Amino acid sequence: MLLVDVDAISKLAHWNILPLIPELTGRSWDEIGTVSSLIHRAKCAVTKPDRKIFHTPAAAEIAVEVISQMRADLGEPSSQILDALSTSSQIDAGEAVLLATTADKPNGVFLTGDKRALRALATHELAPIFAGKIMLIEQVICLCLGSKGIDWVRENVCPYRNIDTAISVMLGSRCDASIASVQDGVESYLREIEGLHDPSLLVKL
């Protein structure tokens with residue numbers, strides 16, 4: 001099961017990558033899910049973007065279409081894990097629910113774009129149970145580079161690259177970084193994140 005947080009859905013929707021998640025990760029829509037409340041916020045943003053999660057109607061429309069296809073049954077998360085995660089101010093309520101659900105699933109993976117939540121999780125007492133269960137949007141970008149190429153990534157990501165600082169840096173100030181440079185940037189960033197906890201929280205792709 002692949003559980004996608006609000007931050008990842010927002011960023012990947014703006015970059016037109018969200019609909020490609022099954023293709024890139026090898027997971028069907030039956031295995032992908034998110035917080036149930038997000039689709040209502042996305043529908044509202046189609047006519048009135050909130051400028052926080054959805055900056056454009058187009059991104060909101062993509063999110064609505066994609067979330068409507070998600071069929072994963074999240075069930076009830078572990079209340080014990082949920083309560084423990086809720087003590088961190090950097091992990092919001094939706095992320096806590098998805099993380100607690102991820103922990104309950106043997107094949108659960110949590111896809112996030114929230115750097116603060118990730119760093120908080122790495123130092124949390126429950127971090128060991130998430131070893132190999134976290135996927136970053138940077139990993140998705142790397143998969144996208146391999147599947148679609150650098151020109152496609154530039155065309156789709158560059159207009160809204162500034163919604164994620166790390167991705168913006170990797171693509172270059174003029175968004176003209178070569179594919180090798182972007183891949184090196186992603187790999188360098190992933191090594192940094194892997195170093196936050198031993199064993200690494202990141203899923204191997």
Side-chain angles (χ1 to χ4, degrees), residues 1-29 31-42 45 49-50 52-56 58-72 74 77 85 90-103 105 107-122 130 132-145 147-148 153 156-157 159-171 186 189-190 193 196 201-203 205:
M1 182 180 291
L2 179 64
L3 301 175
V4 191
D5 76 356
V6 172
D7 194 87
I9 284 183
S10 167
K11 291 171 181 175
L12 296 176
H14 284 86
W15 299 336
N16 296 318
I17 296 175
L18 192 60
L20 305 178
I21 291 299
E23 173 188 336
L24 296 174
T25 66
R27 309 253 183 167
S28 70
W29 290 121
E31 303 172 279
I32 303 174
T34 190
V35 289
S36 59
S37 60
L38 184 55
I39 192 167
H40 304 296
R41 189 162 185 175
D50 56 19
K52 294 180 179 180
I53 297 177
F54 300 108
H55 298 272
T56 68
E61 288 174 0
I62 288 172
V64 170
E65 180 179 354
V66 168
I67 296 170
S68 297
Q69 297 180 70
M70 294 180 177
R71 294 287 184 267
L74 274 61
L85 291 171
Q90 302 301 315
I91 300 174
D92 68 34
E95 289 165 339
V97 168
L98 294 177
L99 282 166
T101 304
T102 299
K105 309 296 181 183
N107 65 338
V109 172
F110 176 67
L111 171 56
T112 183
D114 189 333
K115 308 299 191 295
R116 292 186 305 171
L118 175 63
R119 293 181 187 279
L121 180 64
F130 293 101
K133 284 182 166 289
I134 307 300
M135 183 185 297
L136 304 181
I137 58 171
E138 286 77 10
Q139 290 173 292
V140 175
I141 289 288
C142 203
L143 292 171
C144 201
L145 281 169
S147 174
K148 300 296 184 181
V153 169
N156 289 276
V157 177
Y160 294 100
R161 68 186 185 278
N162 290 331
I163 61 177
D164 186 275
T165 302
I167 293 298
S168 182
V169 170
M170 291 171 195
L171 289 170
V186 171
Y189 178 75
L190 295 182
I193 299 303
L196 295 177
L201 301 182
L202 301 188
V203 64
L205 299 178

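What you are looking at is a predicted structure, and each value in this text was computed from that prediction instead of being measured.
For the side chain to side chain donor-acceptor pair (under 3.5 Å) test, residues two or more places apart in sequence or in another chain that qualify with N16 are N156. For T25, the side chain to side chain donor-acceptor pair (under 3.5 Å) criterion is met by no residue, not counting sequence neighbours. With sequence neighbours excluded, the residues that form a side-chain contact (heavy atoms from CB on, under 4.5 Å) with L143 are L24, L205. For S37, the side-chain contact (heavy atoms from CB on, under 4.5 Å) partners two or more places apart in sequence, or in a different chain, are V35. When the side-chain contact (heavy atoms from CB on, under 4.5 Å) test is applied to S36, no partner is found at least two apart in sequence or on another chain. Checked against side-chain contact (heavy atoms from CB on, under 4.5 Å), A72 has the following partners two or more places apart in sequence or in another chain: M1, L74. With sequence neighbours excluded, the residues that form a salt bridge (charged side-chain N to carboxylate O under 4.0 Å, His left out) with R41 are D50. With sequence neighbours left out, the ring pair (Phe, Tyr, Trp, His ring centres under 6.0 Å) criterion links Y189 to no other residue.
Put simply, the side chain of L111 reaches to within 4.5 Å of the side chain of I21, judged on heavy atoms. Using a 4.5 Å heavy-atom threshold, the side chains of L85 and F130 count as touching.
In this structure, L121 CG and L99 CG are separated by 5.5 Å, a value rounded to the nearest 0.5 Å. Here the straight-line distance linking atom CG of L3 with atom CD of E95 works out to 12.5 Å at 0.5 Å rounding. Taking NZ from K52 and OG from S10, the interatomic distance works out to 12.5 Å, rounded to the nearest 0.5 Å. Rounded to the nearest 0.5 angstrom, M70 CE and I32 CD1 are separated by 6.0 Å.
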N/O donor to acceptor pairs below 3.5 angstrom from side-chain atoms of residues 132-139, sequence neighbours left out:
from : atom 1 : to   : atom 2 : distance (Å)
K133 : NZ     : T102 : O      : 3.4
K133 : NZ     : K105 : O      : 2.6
K133 : NZ     : G108 : O      : 3.2
E138 : OE2    : K115 : NZ     : 3.0
Q139 : OE1    : L136 : N      : 2.8
Q139 : NE2    : V203 : O      : 3.1

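Pairing each heavy atom of A63 with each of I9, the nearest pair is CB-CG2, 4.2 Å. For N162 against S168, the heavy-atom pair with the smallest separation is OD1-OG, 3.1 Å. Contact between W15 and Y160 at its shortest, heavy atoms only, is NE1-O, 3.0 Å. Shortest non-hydrogen contact noted between R27 and V109 is NH2-CG2, 3.2 Å.
Listed by first then second residue, pairs satisfying salt bridge (charged side-chain N to carboxylate O under 4.0 Å, His left out) with a partner in residues 6-20 read D7-K11, K11-D164, not counting sequence neighbours. Judged as a salt bridge (charged side-chain N to carboxylate O under 4.0 Å, His left out), not a single pair has a partner in residues 59-71 (not counting sequence neighbours). Residue pairs satisfying the salt bridge (charged side-chain N to carboxylate O under 4.0 Å, His left out) criterion with at least one member in residues 13-25, sequence neighbours excluded, are listed as follows: E23-K148.
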